[in-house]
A.B. asks: 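Can you keep this structure in mind? I'll have questions shortly.
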Amino acid sequence: MLSRRNFLVASMAVGVASRVCAQTSDAAPTVLRLERRDIEVNGKSASVFCIRQPDGTFGIITDVGKPFRVRVENNIGEPSLIHWHGLTPPWRQDGVPETSGLTIPPGGSADYDFPLRRGGTYWMHSHYGLQEQLLLSAPLIIRDGSENPSRQEVVVILADFNFTPPDQILAQLQSRQTHDMRGMDMHGAEMPAMESEPRLNDVQYDAFLANSRTLADPEVVKVEPGGRVRLRIINASSMSAYNIDLGQLEGDLIAVDGIRVQPVRGHNFPVTVAQRLDIELTIPKIASAFPVLAVLEGERTQTGIVLLAGKGQVTRISGMAEVASPPLTLGLERSLRAAEPLADREADRTHVLNLTGSMQGYRWSFNNVPWSKDVPPLIVTEGERVELAVANQTMMPHPVHLHGHSFQVVAIDGHRFAGAVRDTVLVPPKTTVTVAFDAGNPGWWPFHCHLLYHQHAGMFATLRYA
Ligand SMILES: [Cu+2]
C-alpha cells in the first residue's frame with residue numbers, strides 16, 4: 001500500500017485519476033474544480049477564477065472528525081496548487097509549490113486525505129503565482145457542533161479586485177523606484193513621497209467584493225426578525241484590510257482565524273488580510289435591512305452584504321462610507337484572550353525575525369534576505385515550544401502567517417499576555433509581535449507576509465524540522 005505521501009505524488013503524476021484507491025479511502029472524495037468564470041464588476045465583465053464543487057458550491061462545508069478527503073481538478077489551463085489556510089495537514093499536503101508539493105498541471109488533479117481535528121472558519125486559496133488576486137480562493141468551513149440550528153450561518157468572503165492583470169500590478173509596483181511617479185498615470189499603483197510616514201494600500205483597486213459582488217448589487221441574505229445569525233467573515237483579499245462595520249447591530253466576536261476566543265462585544269472589528277472573524281448577532285425584532293460592511297482601512301471605500309429581516313426594504317448603499325476608517329491597530333488583538341490558551345511554558349527557542357524592505361524597488365524580506373529556495377530554513381526541533389518575535393522595521397503593516405500550526409499571540413512590544421490562538425497576525429510599522437507555538441507537525445513550513453505582492457517580492461521564510 002502506498003504511503004500517503006507517495007499516494008499524493010503518484011496521483012498527481014497520473015493527472016485526472018480515476019484510481020483513487022479503494023484501499024486508502026472508503027468514501028468518494030469531494031471534488032473541487034479550479035475554473036474560470038465571468039463576474040460583473042462596476043458594469044463591466046471580468047474573467048476570474050473560482051474553486052467550486054460540481055454542484056456549484058463554492059469551497060467546502062464539512063464536519064470535524066471527518067477526513068478532509070478532496071480531489072482538486074485543475075481546469076484553468078495553467079498550473080496551480082491550493083493551500084488549505086489554517087488547517088494543519090501533513091506538510092506534503094499543504095499546497096505550496098516551493099515547499100510541499102508538485103503543482104497540478106492543466107487538466108491534472110491532486111488528492112488530499114487527512115484528519116480534521118478542529119472546527120472553525122478557514123479558507124483555501126492558490127499559493128501559485130499571483131492567482132489569488134484573480135479570486136482563486138473559497139471558504140473552507142469545518143462545523144464543530146457549536147453551530148446551533150436556530151442560528152443561521154452566513155459566510156462573507158471579501159476580496160479586492162482590479163481590471164489590471166496581477167502581473168502588470170506587480171510590474172508597476174517594482175518599476176516605481178527609478179523615477180518620481182507622482183503625477184504620472186499609474187493605474188493600479190501609487191507612489192509615496194517619502195517613507196517616513198506609515199503607508200497603507202500600496203495597490204489601488206477598482207473594486208472591493210463581498211461574495212463576489214459590490215455594493216451596487218450586493219448579496220441580500222434573508223434573516224428572521226429576532227433571529228440569531230453567525231457571520232463567518234473571511235478576508236480573502238490580496239492586499240486590503242478592513243474595519244467591519246455592523247451598523248445598528250451589535251455582535252459578539254467568538255472566534256478569530258477559526259479558533260475560539262473569550263467573546264468580545266462590539267459594532268466594529270478589524271480584519272487584516274487572510275484573517276477570519278466569527279461574529280454572533282441577534283437581529284432586532286423589526287422588518288428592516290441591516291448592512292454588514294467592510295470599510296477599507298484608511299479610506300472611505302466599502303463593500304459588504306445586506307441582512308434583510310422580514311419585509312424590510314433594501315435601499316441603495318453607497319460604495320463610500322461617510323468617513324474614512326482608521327488604519328488597523330492592535331487594540332483588539334491586545335484585548336483578545338484565547339478560550340483555550342497554550343499550556344504555560346517557557347520558550348525552548350526564540351527566533352527574531354525582522355520585517356525588512358522598502359517601497360523603493362518593491363523589495364521585501366525577512367532579516368534583509370529575500371526568499372529563494374537557497375535560503376536556509378529556521379531551525380526548530382520537534383517537541384519544542386518556539387517563539388517568533390516579529391519586528392516590523394518597515395513603514396507598512398504586514399499580516400504574517402505560519403503554515404501547518406496555530407500560534408498564540410504572547411507579546412506586543414515586549415508586553416506579555418495570553419492572547420488569541422490564530423494563524424495570521426498583523427504586525428504594524430515599528431511594532432514587535434511575538435507568537436508562540438508547539439512544534440508538533442514536522443515538515444517544511446512557510447512563514448510569510450500574506451500581502452500577495454510582498455510575499456511574491458520576497459517577504460517569505462520557512463522553518464523545517466523532521
Ligand atoms: Cu507585507
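This chain uses plain numbering: 1 for the first residue, then up along the sequence. In listed order, ligands and their atoms are each counted from 1.
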A.B. asks: Can a donor-acceptor pair be found between the side chains of Gln204 and Asn162 at a distance below 3.5 Å?
C.D. replies: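 On atom types as modelled, these side chains do not qualify, holding no pair under 3.5 Å.
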
A.B. asks: Restricting to pairs with a member in residues 427-453, which pass salt bridge (Lys or Arg N to Asp or Glu O under 4.0 Å), not counting sequence neighbours?
C.D. replies: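 Sorted result for residues 427-453: Arg345-Asp438, Arg385-Asp438.
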
A.B. asks: Give me the one residue out of His125, His85, His127 that meets ring-ring contact (aromatic ring centres under 6.0 Å, His included) with His401.
C.D. replies: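 For His401, the ring-ring contact (aromatic ring centres under 6.0 Å, His included) test succeeds with only one of His125, His85, His127, which is His85.
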
A.B. asks: What I want to find out is whether Arg118 reaches Asp144 closely enough, with some N-O distance under 4.0 Å, to be called a salt bridge.
C.D. replies: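 Result for this pair is no, no salt bridge flagged.
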
A.B. asks: Ring centroid separation for Trp371 and His448, is it under 6.0 angstrom?
C.D. replies: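 No, ring centres 6.0 Å or more apart.
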
A.B. asks: Around the Cu ion (ligand 1), what protein N, O or S atoms are found below 2.8 Å?
C.D. replies: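 Those protein N, O or S atoms (cut-off: under 2.8 Å from the Cu ion (ligand 1)) are His398 ND1, Cys449 SG, His454 ND1.
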
A.B. asks: Going by side chain to side chain donor-acceptor pair (under 3.5 Å), Tyr362 matches just one of Gln174, His454, Gln172. Which one?
C.D. replies: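 Among Gln174, His454, Gln172, the one meeting side chain to side chain donor-acceptor pair (under 3.5 Å) with Tyr362 is His454.
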
